[in-house]
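Would you mind keeping the following structure in view while I ask a few things?
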Amino acid sequence: MRYRDYSAFLSEHFGTKVQKIAVNAGFTCPNRDGTLGTGGCTFCCNEAFNPPYCDAQLSVTEQLERGKAFFARKYRKMDYLAYFQAFSNTYAPVGRLRAMHDEALAVDGVVGIVIATRPDCLGDDIVDYLATLASRSHLVVELGVESLHDTTLQAVNRCHNSATSIAAIERLAARGITVGVHLILGLPGEDEAMMTATVEAISALPVSLVKFHQMQVINGTRLARQLEAGEVSLMRFTAREYAALCARLLGHLRHDIAVERFVSQSPRSMVVAPCWNLKPGEFATLLNNNINEI
């Protein structure tokens, strides 16, 4: 069994090495500012994945230039995708979004935009704008779907349901916008059958990319406090068990969907569980060994 990886997806769109550079544009979320709720998702901690060059106090251009310098050590020649990552990056008026994206595309070497957002932050005016942006630049919209089980979404204070995610995917794709989704494996109360059902449902939708993340519990989050108090239970995976799970789930994923990654990596000092301390290459070996056995 083989799967389509992110490098294959990029090679179909670009003739050079392409690196995503994260940008923190200073957004918030409707379940943080009181519009839908407060406190955010129980697992959320943006500091756990914001790279050191990301600083909302800096301009988009400054963050991208810092990111370019950060990655210059890896490759001599590459192009870049401006990745608007932190919180919900369509949760703003169209004018503000357009100004930021135009600024990003004006930076030397930036060849496209990636926007991470929530399925419920896509008003008609936003979708119209994104369709226009997609017509003049490479664009991927990454939706935080996490699960397609409403009981799970409610338990983690997601403040939207599965129908909202499905509708958002279909609306974006219908306008010619490339859609990626984030899925968390091992959310509170979920078993493998539920995760498999989510993957199968995603495979029936017009999705081009998927990011899998293990359920990573971060210090200071509501989930960490719930876990300590015994209010929630989580599936406890070893790295080998998680790799085997990913291999099995790939068997339910539509073959043309590219997998951007399987593992979320946060600073060790911030992680409550799981603490695998694996390098990406080590996990890839575990995954490939399991794939070869299927």
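Because the structure is predicted, anything quoted here is derived from the model rather than measured.
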Query raised in the report: So, does N157 use its side chain to make a donor-acceptor pair with the main chain of T42 at under 3.5 Å?
Result: no
Query raised in the report: If only atom types and distance count, is the side chain of T285 paired as donor or acceptor with the main-chain N or O of G281 below 3.5 Å?
Result: yes
Requested in this report: Please confirm whether the backbone N or O of Y91 pairs with a side-chain atom of R118, one donor and one acceptor, at under 3.5 Å?
Outcome: no
Requested in this report: Determine the minimum heavy-atom distance between I177 and A131, stating which atoms define it.
Outcome: CD1-N, 3.7 Å
Report summary line: In short, M194 meets H149 closest at the heavy-atom pair O-NE2, 2.7 Å
Report task. Determine yes or no for a side-chain-to-main-chain donor-acceptor pair under 3.5 angstrom, with Y53 supplying the side chain and A22 the backbone. Result -> yes
**Report entry** R225/E228 salt bridge by N-O under 4.0 Å criterion
**Finding:** no
Requested in this report: Verify, without hydrogens or angle tests, whether Q63 (side chain) and D55 (backbone) share a donor-acceptor contact under 3.5 angstrom.
Outcome: yes
Query raised in the report: Taking a hydrophobic cluster as the set of Ile, Leu, Val, Met, Phe, Trp and Tyr residues connected by side-chain heavy atoms closer than 4.5 Å, whether directly or through intermediates, do V263 and Y6 fall within one such cluster?
Result: no
Query raised in the report: Do Y242 and F262 have ring centres separated by under 6.0 Å?
Result: no
**Report entry** Contact summary for A173 and V179, nearest pair of heavy atoms
**Finding:** N-CG2, 4.0 Å
Query raised in the report: Between R32 and F27, is NZ or CZ placed under 6.0 angstrom from the six-membered ring centre and within 45° of the ring axis?
Result: no
Report task. State yes or no: are the ring centers of H101 and Y129 separated by less than 6.0 Å? Result -> yes
Query raised in the report: Would you say the side-chain atoms of S203 pair up with the backbone N or O of V199, donor to acceptor, closer than 3.5 Å?
Result: yes
Requested in this report: Determine, for F71 and R73, whether the Lys NZ or Arg CZ falls below 6.0 Å from the six-membered ring centre while staying within 45 degrees of the axis.
Outcome: no
Report task. Compare all side-chain heavy atoms of L209 with those of E142 and state whether any distance is below 4.5 angstrom. Result -> no
Report task. Verify salt bridge (Lys or Arg N to Asp or Glu O under 4.0 Å) between D120 and R158, making sure each step is shown before the conclusion. Result -> CA-CA 10 Å; D120 55 358; R158 191 66 190 161; over 6 Å; no
Query raised in the report: Between the main-chain N or O of H138 and the side-chain N or O of H13, is there a donor-acceptor pair closer than 3.5 Å?
Result: no
Query raised in the report: Can any side-chain N or O of S147 pair as donor or acceptor with the backbone N or O of L153 at less than 3.5 Å?
Result: no
Report summary line: Taking every heavy atom of R236 against every heavy atom of A273, the minimum-distance pair comes out as NH1-CB, 3.7 Å
Report summary line: Interatomic distance, CH2@W276 vs CZ@R240, rounded to 0.5 Å, equals 12.0 Å
Report task. Start with the C-alpha gap between L223 and M215, add the side-chain angles, then the distance that decides, and say whether side chain to side chain contact (heavy atoms under 4.5 Å, CB included) holds. Result -> CA-CA 10 Å; L223 180 60; M215 180 67 266; 3.7 Å; yes
Query raised in the report: Do V210 and Y3 come within less than 4.5 Å of each other through their side chains, counting heavy atoms only?
Result: no
**Report entry** Any donor-acceptor N or O pair under 3.5 Å, side chains S162, D150
**Finding:** yes
Query raised in the report: Any chain of hydrophobic side-chain contacts (each under 4.5 Å) joining M235 to L249?
Result: yes
Requested in this report: Report whether V111 and V107 are members of the same hydrophobic cluster (ILVMFWY, side-chain heavy atoms less than 4.5 Å apart, transitive linking).
Outcome: no
Query raised in the report: Which of these passes side chain to side chain contact (heavy atoms under 4.5 Å, CB included) with P119: H160, E146, R171?
Result: H160
